[in-house]
Asks: 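Sharing a structure, written as structure tokens. Questions coming.
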Amino acid sequence: MDWDSVAAEDVIEALREVEWSTRPRSLAEFFSRFAFPRSFSKWMSRLKCNLYYYRTNYFILFILVLGLALITRPLAILGAPLTALSLAFLNDSFAATFNEKMIRTIRHFSPHLAAKMRPPHMPVIRGRSAVRKKVYVCGKPRLVFVLLGLTASFVLWFTSCGLLWVLYAFATALLMIILHASLRTPNLKARLNTFREEFRAVWRNYSEL
């Protein structure tokens, strides 16, 4: 795939809609073959490719760095997985799977409540819709859960270790991810046709009628 022709917005949309249940890449593959990009365009292409290809590894790395930075602060440790859960709701597949499992679990105790938590009916229109389909979690727009989770995490972090230390942990995790994505040379697996077709399937809704 020619990653130079892929816009950053397309990568973000792909990361939001693609399946995140795939297993992370092995450590031997993740920490092999590093080199400086030859130009700015090569760097941007490599950055987009690696962010998509190693997305699961980066997510785990992000949580590990936060956990290690906040290990001596119990309340902050609770805030780390809560933040991860809140950010995971931004992915369509995770939000839909979580919603279905929650409704099935609640149905065993209260079928009436489970019926109320179902998302509103949305008619299926053939072709490309002018309005993007909204994703619901337990009957509410997922942004409600994202904002609630991030707010609760902020409170836990602020009361346990201070906002400045949290920002430092976030900055460290993001810096490590950007450095790896910038220096890790794309391997042969990242260029296989299966990987290319996986990405194309994500933005087929945007390119085909």
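Atom set for the values below is all heavy atoms of this structure, side chains included, hydrogens, waters and symmetry mates excluded.
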Asks: Taking side chain as C-beta onward, heavy atoms only, is L85 less than 4.5 Å from F145?
Replies: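 L85 vs F145: side chains apart.
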Asks: Can you check whether F170 reaches T83 side chain to side chain, under 4.5 Å on heavy atoms?
Replies: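 A side-chain contact under 4.5 Å exists here.
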Asks: Closest heavy-atom contact between F89 and R142?
Replies: O-CD, 3.1 Å
Asks: In Å and rounded to the nearest 0.5 Å, what is the OG to CE distance from S39 to M44?
Replies: 11.5 Å
Asks: Using atom types as modelled and distance alone, determine if a side-chain donor or acceptor of R104 lies under 3.5 Å from a backbone N or O of K101.
Replies: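 No, the answer is negative, given that no donor and acceptor are paired below the 3.5 Å cut-off.
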Asks: Could you label the plane-to-plane angle of the F30 and H180 rings as parallel, tilted or perpendicular, counting under 30° as parallel and over 60° as perpendicular?
Replies: parallel
Asks: To the nearest 0.5 Å, how far apart are CG in L174 and OH in Y58?
Replies: 12.5 Å
Asks: Taking all heavy atoms of R184 and all of R46, pick out the closest pair and write down the distance.
Replies: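 The pair with the smallest heavy-atom distance is O-CD, 3.1 Å.
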Asks: Could you check whether R55 makes a cation-pi contact with F59, meaning its NZ or CZ is under 6.0 Å from the centre of the six-membered ring and within 45° of the ring axis?
Replies: no
Asks: Parallel, tilted or perpendicular: which one describes the rings of F40 and W43, with boundaries at 30° and 60°?
Replies: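 F40 and W43: tilted rings.
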Asks: Give a yes or no on whether the backbone of E29 and the side-chain of S32 come within a donor-acceptor separation of less than 3.5 Å.
Replies: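 Indeed, once roles are kept as given, a pair shorter than 3.5 Å links the two residues.
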Asks: Would you mind reporting whether L150 and F154 have side-chain heavy atoms less than 4.5 Å apart?
Replies: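 No - every pair of side-chain heavy atoms lies 4.5 Å or more apart.
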Asks: Same cluster for L143 and L87 if Ile/Leu/Val/Met/Phe/Trp/Tyr side chains link at under 4.5 Å?
Replies: yes
Asks: Is a donor on one side and an acceptor on the other found under 3.5 Å between the side chain of S86 and the backbone of L82?
Replies: yes
Asks: To the nearest 0.5 Å, what is the distance between CG on L61 and OG1 on T56?
Replies: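 The distance works out to 12.5 Å.
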Asks: Consider only side-chain heavy atoms of I, L, V, M, F, W and Y, link residues closer than 4.5 Å, and tell whether L27 and V65 are in one cluster.
Replies: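 Yes; V65 is reachable from L27 via cluster members.
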Asks: Within the structure provided, determine whether L90 and F94 are in side-chain contact (heavy-atom separation under 4.5 Å).
Replies: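 No, side chains not in contact.
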Asks: For the side chain of T185 and the backbone of A35, is there at least one donor-acceptor N/O pair under 3.5 Å apart?
Replies: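 It does not hold such a pair.
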Asks: Taking side chain as C-beta onward, heavy atoms only, is I177 less than 4.5 Å from L51?
Replies: yes
Asks: Treating Ile, Leu, Val, Met, Phe, Trp and Tyr as nodes and any side-chain heavy-atom pair under 4.5 angstrom as an edge, say whether L47 and F31 lie in one connected cluster.
Replies: yes
Asks: Is there side-chain contact between F36 and L183, with at least one heavy-atom pair below 4.5 Å?
Replies: yes
Asks: What are the two closest heavy atoms between I63 and A84, and how far apart are they?
Replies: CD1-CB, 3.2 Å
Asks: Report yes or no: do I60 and L68 belong to one cluster of Ile/Leu/Val/Met/Phe/Trp/Tyr joined by side chain heavy-atom distances under 4.5 Å?
Replies: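 Different hydrophobic clusters.
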Asks: Consider only side-chain heavy atoms of I, L, V, M, F, W and Y, link residues closer than 4.5 Å, and tell whether I103 and L113 are in one cluster.
Replies: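 In one cluster with I103: L113, yes.
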